[in-house]
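Structure first, then comments.
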Amino acid sequence: WYDQAGSNNAVQETDANQPKIAENGALLADGIDFDGVNDELRTSTNIASSQPVTVMSVTKPDAVNKRIFESITNSVRAFYGGSSQTGMNAGNTLLGSTNEVSTNTEYLQTHLFNTTNSKVFLNNVERISGDAGSNAFAGNFSLGGRSAVFDGSMKELILYTSDQSANRFKIESNINNYY
């Protein structure tokens, strides 16, 4: 997956671990399809070494309790959970929710990672907030995750190595207008 800023593409050299992008000669309508077993794209270099980090994704999960992405060094993760977990964790600090996430439904999920005031928005609605811990979002960025690998499709992922709280509504509105 090419980094439009031109500095850090996400790649997977092992054919069996590459998410599917096309079928029968046509691009998949729902975006890149992760199989929930071993599909992962990973940046070749570190994406950030400190908080805050903002990540927005348009995904359609085929299964719950799967990771959308994670930082390799400090285990900052974002995931879709079932009836008891929807959100992220940083280090050992879990931010939980009782909001149900359905399979085969498209979601715009926004993660604002910040040391003291992190938030997760699902379809523009704040679902979780709290202290995400002191671990920085650092290391290689794994799209699809390394364990509890994402099972579903992803149309778009936007990563900022800055706090985009002030611009969140505008960015989400542009994404919503497109999709």
Side-chain angles (χ1 to χ4, degrees), residues 1-4 8-48 53-111 113 118 120-123 127-128 132-133 135 137-159 175 179:
W1 204 338
Y2 295 109
D3 176 3
Q4 292 183 355
N8 206 343
N9 298 327
V11 298
Q12 176 54 260
E13 298 294 334
T14 306
D15 290 347
N17 297 347
Q18 293 174 350
K20 188 179 350 178
I21 61 171
E23 189 169 58
N24 299 324
L27 292 176
L28 299 175
D30 287 333
I32 296 175
D33 186 26
F34 292 82
D35 67 7
V37 177
N38 57 9
D39 290 355
E40 173 196 24
L41 297 174
R42 188 181 294 190
T43 60
S44 58
T45 59
N46 293 350
I47 57 107
V53 170
T54 302
V55 183
M56 297 174 172
S57 60
V58 176
T59 55
K60 185 186 223 181
D62 293 333
V64 295
N65 297 323
K66 302 290 185 171
R67 295 192 180 134
I68 301 169
F69 60 83
E70 64 184 299
S71 71
I72 303 304
T73 303
N74 287 339
S75 298
V76 176
R77 303 176 183 104
F79 54 90
Y80 280 120
S83 59
S84 63
Q85 301 177 96
T86 304
M88 61 183 171
N89 82 27
N92 295 321
T93 305
L94 178 68
L95 304 178
S97 173
T98 57
N99 298 303
E100 183 70 31
V101 173
S102 300
T103 59
N104 205 29
T105 301
E106 192 167 86
Y107 293 98
L108 167 59
Q109 193 165 18
T110 301
H111 296 83
F113 291 101
S118 294
V120 174
F121 295 83
L122 195 60
N123 292 338
R127 299 294 182 135
I128 303 167
N135 284 344
F137 194 99
N140 300 87
F141 183 80
S142 170
L143 186 57
R146 296 177 300 150
S147 58
V149 179
F150 181 60
D151 186 1
S153 58
M154 184 177 299
K155 288 185 177 179
E156 185 162 356
L157 180 105
I158 301 171
L159 173 82
I175 293 169
Y179 293 105

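This structure is a prediction, so every number in the text was calculated from the model and none was measured.
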request  = Search all heavy atoms of Phe34 against all heavy atoms of Phe150 and return the closest pair with its distance.
outcome  = CB-O, 3.2 Å

message = Determine whether Lys20 and Leu28 satisfy the following criterion, side chain to side chain contact (heavy atoms under 4.5 Å, CB included), listing intermediate values before the conclusion.
response = CA-CA 8 Å; Lys20 188 179 350 178; Leu28 299 175; 4.0 Å; yes

message = List the residues meeting side chain to side chain donor-acceptor pair (under 3.5 Å) with Asn123, not counting sequence neighbours, and say none if there are none.
response = none

ask   = About how many Å separate CD of Gln12 and CG of Leu41, when rounded to the nearest 0.5 Å?
value = 7.0 Å

request  = Looking only at non-hydrogen atoms, find the nearest pair between Ala29 and Lys155 and report the distance.
outcome  = O-CE, 3.5 Å

remark   = Taking every heavy atom of Thr103 against every heavy atom of Asp62, the minimum-distance pair comes out as CG2-O, 3.5 Å

key: Stepwise side chain to side chain contact (heavy atoms under 4.5 Å, CB included) check, Ile32 with Ile21   = CA-CA 5 Å; Ile32 296 175; Ile21 61 171; 3.8 Å; yes

task = Could you pull out all residues at least two apart from Thr105 that satisfy side-chain contact (heavy atoms from CB on, under 4.5 Å)?
result = Ser102, Tyr107

task = With sequence neighbours excluded, give me every side chain to side chain donor-acceptor pair (under 3.5 Å) pair touching residues 26-37.
result = Asp30-Lys60

key: Non-hydrogen side-chain atoms of Tyr179 and Leu108 separated by less than 4.5 Å   = no

ask   = side chain to side chain donor-acceptor pair (under 3.5 Å) with Asn38: which residues, sequence neighbours excluded?
value = Asn17

inquiry  = Can you tell me how far apart OG1 (Thr59) and CD (Glu106) are? Round to the nearest 0.5 Å.
reply    = 8.0 Å

